[in-house]
Structures are given as structure tokens and as C-alpha cells.
Trainee: 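I have a structure I would like to understand better, so I am pasting it below and will then ask my questions one at a time.
Sequence lines set the chain letters: A, B, ... in the order given, protein chains first and strands last, and positions in each chain run from 1. The figures here come from the full heavy-atom set of this structure, side chains too, leaving out hydrogens, waters and symmetry mates.
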Amino acid sequence: MIEVLCFAHVAEELAMRSYTVSAPTTIASLREGLMERGVSGAERLMFAVNERYETDDYMIEDGDTVAVIPMVSGG
Amino acid sequence: MIEVLCFAHVAEELAMRSYTVSAPTTIASLREGLMERGVSGAERLMFAVNERYETDDYMIEDGDTVAVIPMVSGG
Amino acid sequence: MKWYQVNEHPLEPMALYETVRHRNVGAVVLFIGTVREMTGSKQTELLEYESYVPMAEKMLEQIGHEVSERWPGALTAIHHRIGRLDILDEAVVIATSSSHRADAYEANRYAIERIKEIVPIWKREHWTDGTKWIGDQKEQLPGRPEGVTYS
Amino acid sequence: MKWYQVNEHPLEPMALYETVRHRNVGAVVLFIGTVREMTGSKQTELLEYESYVPMAEKMLEQIGHEVSERWPGALTAIHHRIGRLDILDEAVVIATSSSHRADAYEANRYAIERIKEIVPIWKREHWTDGTKWIGDQKEQLPGRPEGVTYS
């Protein structure tokens with residue numbers, strides 16, 4: 001299983017802090033899932049796997065932790 | 001009388017913290033006096049009259065306080 | 001004192017200052033970001049910060065590494081507060097030190113710009129007329145944020 | 001708390017920070033100049049600062065005015081310590097604040113550069129191999145330092 005963490009407007013729109021998907025998958029596939037669920041700006045979201053930014057073709061394996069990263073706004 | 005305040009290397013070279021001269025005079029004339037006494041870099045010293053920077057042709061009057069200002073190095 | 005920290009506790013600028021000081025430091029620059037009330041005609045009531053904390057702390061540490069590569073000898077410590085913040089509260093403190101002032105200033109400014117690019121922290125504005133997650137719609141491109149590379 | 005001060009007391013960076021804060025400040029930058037031990041291969045044992053205090057405080061205030069003309073709304077407070085300072089002691093603290101960070105950074109850096117141009121404070125280095133008043137021989141031109149004008 002792969003755990004997907006959600007933050008900020010993504011968590012709010014999905015009304016979920018996290019969800020799980022089956023391994024293996026890709027970031028592109030997670031992005032598609034978010035678009036289907038109507039998450040705003042899903043085509044521009046970033047993703048981190050095990051706390052590192054990764055790109056759409058990244059293959060996610062069993063046990064990985066994925067985070068959906070909307071545009072950051074700290075500071 | 002005009003009081004002339006000395007600081008840093010000027011005070012050290014003259015072995016005086018202040019001296020007095022007769023009014024009226026000019027900054028140019030004070031500068032000449034410092035050159036004659038052998039103050040190093042006297043041709044580049046700045047001067048303040050009553051806590052304002054003034055230039056060589058400035059006429060100093062009775063009661064004014066003059067400060068000889070070597071290149072500053074605060075901070 | 002941790003050099004890179006993200007949590008809900010009030011920030012202590014002087015503790016970060018002490019962290020980056022040593023005998024060959026001649027210049028320390030502290031940046032303190034505070035919650036301000038007015039932005040143009042919009043009035044903020046409070047801010048809410050959320051973070052993916054373990055990754056955020058790693059990214060802050062990465063910024064510290066980037067700084068010391070760009071300005072050799074410069075040190076950086078960064079604490080970011082999250083949770084609910086009121087007007088005047090401190091959201092972020094960045095301390096940079098160097099033997100000379102130019103590096104301390106430039107390193108500090110670099111750090112705050114990088115925080116706004118790569119550190120997973122999100123701010124929600126609570127205005128008198130509504131709320132909004134900042135940075136949620138535009139500008140971002142998918143992929144890695146610029147300059148993030150792995151060795 | 002005086003906004004512009006030159007005296008022999010240890011500096012209090014947080015007091016200056018509090019001086020420039022208010023509800024519409026979003027960014028505070030503090031610069032803290034400390035006495036460092038090594039400059040290249042030269043080892044400093046202590047520094048001695050001397051000042052023409054009343055004029056120095058006036059010039060610091062003038063720098064504050066210059067800042068608020070160049071960066072409207074920006075506030076500046078500056079304390080400079082004089083007397084005998086040891087390694088690690090703080091010689092100067094500059095606090096600048098603004099609604100946005102770019103102004104706070106630029107105003108702060110402007111202030112330290114101006115201090116080194118117009119404020120009558122002199123530093124004497126005590127190295128392990130001798131002493132020297134800094135800035136006593138070169139560069140200075142007679143007259144008013146650049147940018148000093150009177151209304």
C-alpha cells in the first residue's frame with residue numbers, strides 16, 4: 001500500500017488528510033486521480049515521495065509515503 | 001573663543017582632546033594649523049561646526065564648537 | 001537548539017542569534033517575519049500555517065547547505081512557526097552569520113526566497129471578509145521546484 | 001528606548017526589535033555587528049571605539065530620516081556601542097521594519113553603509129602585533145561626506 005498525504009486546499013477539497021492506493025503506481029497516475037476528484041489546480045500540484053520532490057514519471061513502490069504539495073506559501 | 005575637539009588619531013598625535021583658537025577663523029585655517037603641527041592626513045580631515053559637517057570656506061564665529069573628524073570607522 | 005525547526009511554539013529570535021554566533025563572526029543578520037494586519041485595503045484577522053513538518057525541516061536544512069555552498073563559512077538557522085497566528089506574532093526567524101556583512105545579508109535574503117519556493121508550509125489568510133489558502137491556484141509548475149537536486 | 005543611541009552599555013538587540021515593530025509590519029531585519037577574532041592572519045585582541053557622541057546620535061537620526069524618505073513607511077532604530085569591546089561583543093545593532101521584506105533588507109543595508117560614511121565613530125584595532133586607528137589615512141576627501149545636505 002502507498003499512503004498519500006494531503007495538505008492545505010487539497011486536504012480541504014478532498015475532506016481527507018490522507019488516503020491509500022495500491023502499489024505500484026506513478027505520480028502521473030495520482031495526479032489523474034486528483035483531477036478526476038476535481039481538486040483545483042491538480043495539473044500544477046507537486047509531489048514528494050518519502051520527503052523528496054519527484055516528477056510525474058516517478059514509480060512509487062509499496063511502503064512509500066507520498067505527499068501532495070500545493071504551491072507553498074511559508075515565510 | 002572657539003573650542004576645537006579632537007578624536008582618534010588626531011587626539012593621539014596632538015596629545016590633546018581639545019584646544020581653543022580665537023574667533024573668527026575658517027576651517028581652512030584650522031586645517032593649516034593641523035598640517036603645521038604635523039597631523040597625519042590633515043589635508044583630508046573633515047570638520048564639523050556645531051555638530052554639522054562644513055567645508056573649508058566656512059567662517060567660524062565666537063562660541064562655535066568645532067570638531068576635527070578623521071575618516072570614520074564605526075559599524 | 002535545533003538549527004532547522006518547524007513547530008507550533010512561539011519563536012525565539014535571540015536563541016537563533018546565539019546559534020549562529022562564534023568568535024570569527026563579524027556580522028549576524030536576523031530576519032523576522034511577523035503577521036501584519038493590513039495588506040492594501042484587506043484586513044487580516046489571523047493566519048493559519050500548516051506544514052508537512054518532517055519534509056519542511058529537511059528542506060530548511062537543504063537551504064542551509066545551499067547557503068554554505070554559495071557563501072563559504074556562512075551559517076544559517078531557521079525556525080518557522082505553524083498553527084494559528086495572531087497579528088504581531090512571529091511566523092519565521094532566519095539567522096545568518098558570516099565574517100563579513102555582505103554575505104550575511106545576501107545569505108539571509110536567499111534563505112527567505114528559497115523558503116517561499118521549496119519548503120512545504122502553507123498559509124491560510126483569515127480576512128475580515130473570508131479565508132483563502134495562499135498560493136493554491138497559479139504560478140506553480142508540476143515537477144520539482146527550481147534548484148532542487150539530489151546527490 | 002531611544003531610537004538612536006551611542007554609549008558604552010552592552011547592546012540589546014531585542015529592545016531595538018520591539019522599537020520598530022507595530023501591527024502593520026510584516027518584516028523586521030536586524031543587523032548585529034560583532035567583534036571577530038581573525039581578519040585574514042591578523043588576530044584581534046580587543047577593539048576600542050571612540051565617538052563624538054552628540055553628533056553621532058544626530059547622524060544616526062539623519063540616517064533614519066534618509067531611510068524613511070527612500071523606503072516610505074520603513075522604520076529604523078540604531079544603537080552603537082563605544083569603549084572597549086572584546087571578541088564576540090556587539091558593536092552595533094540596526095533594526096529596520098517595513099510592511100514587506102525587500103524594503104526592510106535594503107533599508108538595513110543602506111543604514112550600515114551610511115554609518116561607515118557619516119557617523120563620527122572611530123575604531124582602534126588592538127591586534128596581537130600592535131594597534132591602529134582604522135580609516136585614519138586614506139580615501140577620505142575633505143569637506144562634507146557624500147550625501148550630507150542640510151535643509
Trainee: Compute the centroid of each ring, for Tyr49(C) and then for His80(C), and state whether the two points are separated by less than 6.0 Å.
Mentor: yes

Trainee: Below 30° counts as parallel, above 60° as perpendicular, anything between as tilted: where do the rings of Trp122(C) and Phe7(A) land?
Mentor: parallel

Trainee: Side chain, backbone, both or neither: which part of Glu43(A) has a heavy atom under 4.5 Å from chain C?
Mentor: backbone

Trainee: Report the residue from Glu45(C), Gln43(C), Glu48(C) that forms a side-chain hydrogen bond (donor to acceptor under 3.5 Å, both in side chains) with His126(C).
Mentor: Glu48(C)

Trainee: More than 12 non-hydrogen atoms from neighbouring residues, nucleotides or ligands closer than 6.0 Å to CZ on Arg84(C), yes or no?
Mentor: no

Trainee: Where on Ile115(C) is there a heavy atom nearer than 4.5 Å to chain A: the side chain, the backbone, both, or neither?
Mentor: both

Trainee: Is a donor on one side and an acceptor on the other found under 3.5 Å between the side chain of Glu57(C) and the backbone of Val6(C)?
Mentor: yes

Trainee: Given that the side chain runs from C-beta out, which part of Lys116(C) has a heavy atom under 4.5 Å from chain A: side chain, backbone, both or neither?
Mentor: both

Trainee: Taking Ala91(C), Pro54(C), Ala56(C) one by one, which has the highest count of heavy-atom pairs under 4.5 Å against chain A?
Mentor: Pro54(C)

Trainee: Counting only non-hydrogen atoms closer than 4.5 Å, does Val148(C) touch chain A with its backbone (N, CA, C, O), its side chain (CB onward), both, or neither?
Mentor: side chain

Trainee: Heavy-atom distances under 4.5 Å only: say whether Arg124(C) touches chain A with side chain, backbone, both or neither.
Mentor: side chain

Trainee: With heavy-atom distances below 4.5 Å as the criterion, would you say the side chains of Val10(A) and Leu45(A) are in contact?
Mentor: yes

Trainee: Side chain, backbone, both or neither: which part of Tyr52(C) has a non-hydrogen atom closer than 4.5 Å to chain A?
Mentor: both

